[in-house]
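Below you'll find the structure, written out as C-alpha cells, and then a few comments.
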Amino acid sequence: MRVLFNKKFLNHNIDSLAEGHYRIANFPGFYEDENADGERFMSLIHPQSYIDSIKEACFNGDMLAEVTLTPASWEAAKSAVGLTVMASLQGDFAAVRPPGHHAKADCASGFCFFNNIAIATQNLVNRGKKVMIIDIDAHHGDGTQAIFYSSGNVFYSSVHQAFSFPFTGNASETGEGEGKGYTLNIPIMPGSKDEHFLKALDTIISAGHLFNPDVVGISAGFDAYENDRMLDLKVTQKGFYECGFRLRRAFNNIFAVLEGGYHFEIKECMEAFISGINVGSRPIKNSFDHEMSIG
C-alpha cells in the first residue's frame, strides 16, 4: 500500500485550528505529488447542481461546513476525489484533504464537501464490485451511511465514539430496503482503549466475511488517537498498526482514504496503520511439521 498525496492539500483551510493544514504539514518531502483531477467522478454521488454550488462557494470565499472556502479549496477537493478513486483501483492510501465521510449527496457538513470514499465506492459498484466500507474515524460517517443506506451492493460499517458529533450511528441503524442488514454501527464509550477498538473491529470483520466483498475501503480517520484534541478515545499507534494488520489478514483487496484526526501525529498514525496492512499482506510462514515423514 502506497501513500497518494499532493501538496495542494496544504493550501486548503490553512489557518484553521480544527481541520487545518497543520494536520499534514509534515507530509511533503516524504511523499511525492500524485496528480488526479476527480471532478468527472463527483456526479457519481452528487447532483450537478450541488457540485456547481460548492465550486461557486469556493470562488466566492463563502463559509460552509465550518470552513472558509477559497479557490484552493476547489483544487484540493478535485484532487481529493481523484486520488481516492485512484487509491481504490490500486489498493493504496489516499492522504487527502478535505475529508469526506460527513458529506451527504447534497449537503456539506463537518469539514466535508464531497464524499471521497462514497464516490470511489460507487465507481467500483459500477464496475460490478461488491464493496465493504469500514469507517474507523471516531466520528460516525453519517454522510457515507446515508448514501448507501438502501444499497445491497455496499456494506457500511463504523466503529466510533458514542455521544459525539454527528450524533448518529446507533446500533439500531441497520439499513433499509435492499440495504437492510448492510449497515453495522458499533459505538464505543469515551475513554475506550485499543482492546475495545479492536474488539469492535473484529465484530466488523466477522460481518464482512459473511458479506464477502470484492473490495474493502477504509475511511481512515485518526481521531480515535489518544492525543486527539476533539475526542476522548485512547487508541495508540500500536492499535492502528494492529487494525491494519487484522484488516489485511481478513481481506485481500483493501484501499484507504484519510478522514479526520486533529493532532500533530497523523503521519505516524497513518504509517503505523499502513505498516500493519503491509505486514499483514505477507504470507504466513509454514511451521515445520515433525509428524510428517520425509521419504
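Heads up: numbering here begins at 1 and tracks the sequence.
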Applying side chain to side chain donor-acceptor pair (under 3.5 Å), run through Ser219 and Glu259 and close with a yes or a no.
-> CA-CA 6 Å; Ser219 267; Glu259 299 284 4; 2.8 Å; yes

Report yes or no: does [X] contribute a side-chain atom to a donor-acceptor pair with the main-chain N or O of [Y] at less than 3.5 Å?
X	Y	result
Asn6	Lys8	yes
Asp137	Gly260	yes
His21	Ile14	yes
His101	Asn116	no
Ser79	Ala76	no
Tyr149	Thr174	yes
Tyr50	Ala108	yes
Lys130	Phe211	yes
Glu265	Asn227	no
Tyr182	Val154	no

Return the set of residues passing salt bridge (Lys or Arg N to Asp or Glu O under 4.0 Å) with Glu75 (not counting sequence neighbours), or none when no residue passes.
->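 Scan of Glu75 (salt bridge (Lys or Arg N to Asp or Glu O under 4.0 Å), adjacent residues dropped) gives Lys78.
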
Report the residues that fulfil salt bridge (Lys or Arg N to Asp or Glu O under 4.0 Å) with Asp135, sequence neighbours left out, ordered by chain and then residue number.
->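 Expected list: none.
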
Report the C-alpha separation of Glu173 and Thr183 in whole Å, then their side-chain angles, then the decisive distance to 0.1 Å, and conclude whether the side chain to side chain donor-acceptor pair (under 3.5 Å) test is met.
-> CA-CA 7 Å; Glu173 298 167 16; Thr183 295; over 6 Å; no

Side chain proximity check, [X] to [Y], heavy atoms < 4.5 angstrom:
X	Y	result
Met270	Ile274	yes
Asn13	Ser73	no
Tyr22	Leu17	no

Look at atom [atom1] of [X] and say whether more than 12 heavy atoms of other residues, nucleotides or ligands are closer to it than 6.0 Å.
X	atom1	answer
Arg40	CZ	no
Phe30	CZ	no
Lys129	NZ	no
Gln90	CD	yes

For side-chain contact (heavy atoms from CB on, under 4.5 Å), just list the numbers for Val3 and Asp92, CA-CA rounded to whole Å, side-chain angles, deciding distance to a tenth of an Å, and then say yes or no.
-> CA-CA 6 Å; Val3 174; Asp92 289 330; over 6 Å; no

Can you spot which of Phe264, Phe240, Phe197, Tyr262 makes a ring-ring contact (aromatic ring centres under 6.0 Å, His included) with Phe222?
->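 Result: among Phe264, Phe240, Phe197, Tyr262, Phe240 is the only option passing the ring-ring contact (aromatic ring centres under 6.0 Å, His included) with Phe222.
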
Step by step, work out the side-chain contact (heavy atoms from CB on, under 4.5 Å) result for Leu201 and Ile134.
-> CA-CA 9 Å; Leu201 181 70; Ile134 300 177; 4.2 Å; yes

is_close_aromatic(Phe165, His140), centroid dist under 6.0 Å =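 Aromatic pair excluded; centres sit 6.0 Å or further apart.
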
Could you tell me whether Tyr156 and Phe148 have their ring centroids closer than 6.0 angstrom?
->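 No, the ring centres sit 6.0 Å or more apart.
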
Any side-chain donor-acceptor pair under 3.5 Å between Gln48 and Ser43?
->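 No.
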
Show the numbers, then the answer: is there a side-chain contact (heavy atoms from CB on, under 4.5 Å) between Tyr225 and His263?
-> CA-CA 9 Å; Tyr225 186 49; His263 51 81; 3.5 Å; yes

Report the C-alpha separation of Asn253 and Val216 in whole Å, then their side-chain angles, then the decisive distance to 0.1 Å, and conclude whether the side-chain contact (heavy atoms from CB on, under 4.5 Å) test is met.
-> CA-CA 6 Å; Asn253 194 352; Val216 173; over 6 Å; no

Salt-bridge present (Arg246, Glu242; N to O < 4.0 Å) =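 Yes, this pair counts.
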
Mutual orientation of the aromatic rings belonging to Phe251 and His209 [parallel < 30°, tilted 30-60°, perpendicular > 60°] =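 Tilted: the ring planes of Phe251 and His209 meet at 30° to 60°.
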
Report the relative orientation of the aromatic rings in His139 and His102; use parallel for angles under 30°, tilted for 30 to 60°, perpendicular for over 60°.
->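 Perpendicular, since the angle between the ring planes exceeds 60°.
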
Show your reasoning for whether salt bridge (charged side-chain N to carboxylate O under 4.0 Å, His left out) applies to Lys193 and Glu226.
-> CA-CA 8 Å; Lys193 299 181 179 180; Glu226 58 186 349; over 6 Å; no

Report the residues that fulfil side chain to side chain donor-acceptor pair (under 3.5 Å) with Lys7, sequence neighbours left out, ordered by chain and then residue number.
->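 For Lys7 the side chain to side chain donor-acceptor pair (under 3.5 Å) partners, ignoring immediate neighbours, are Asp33.
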
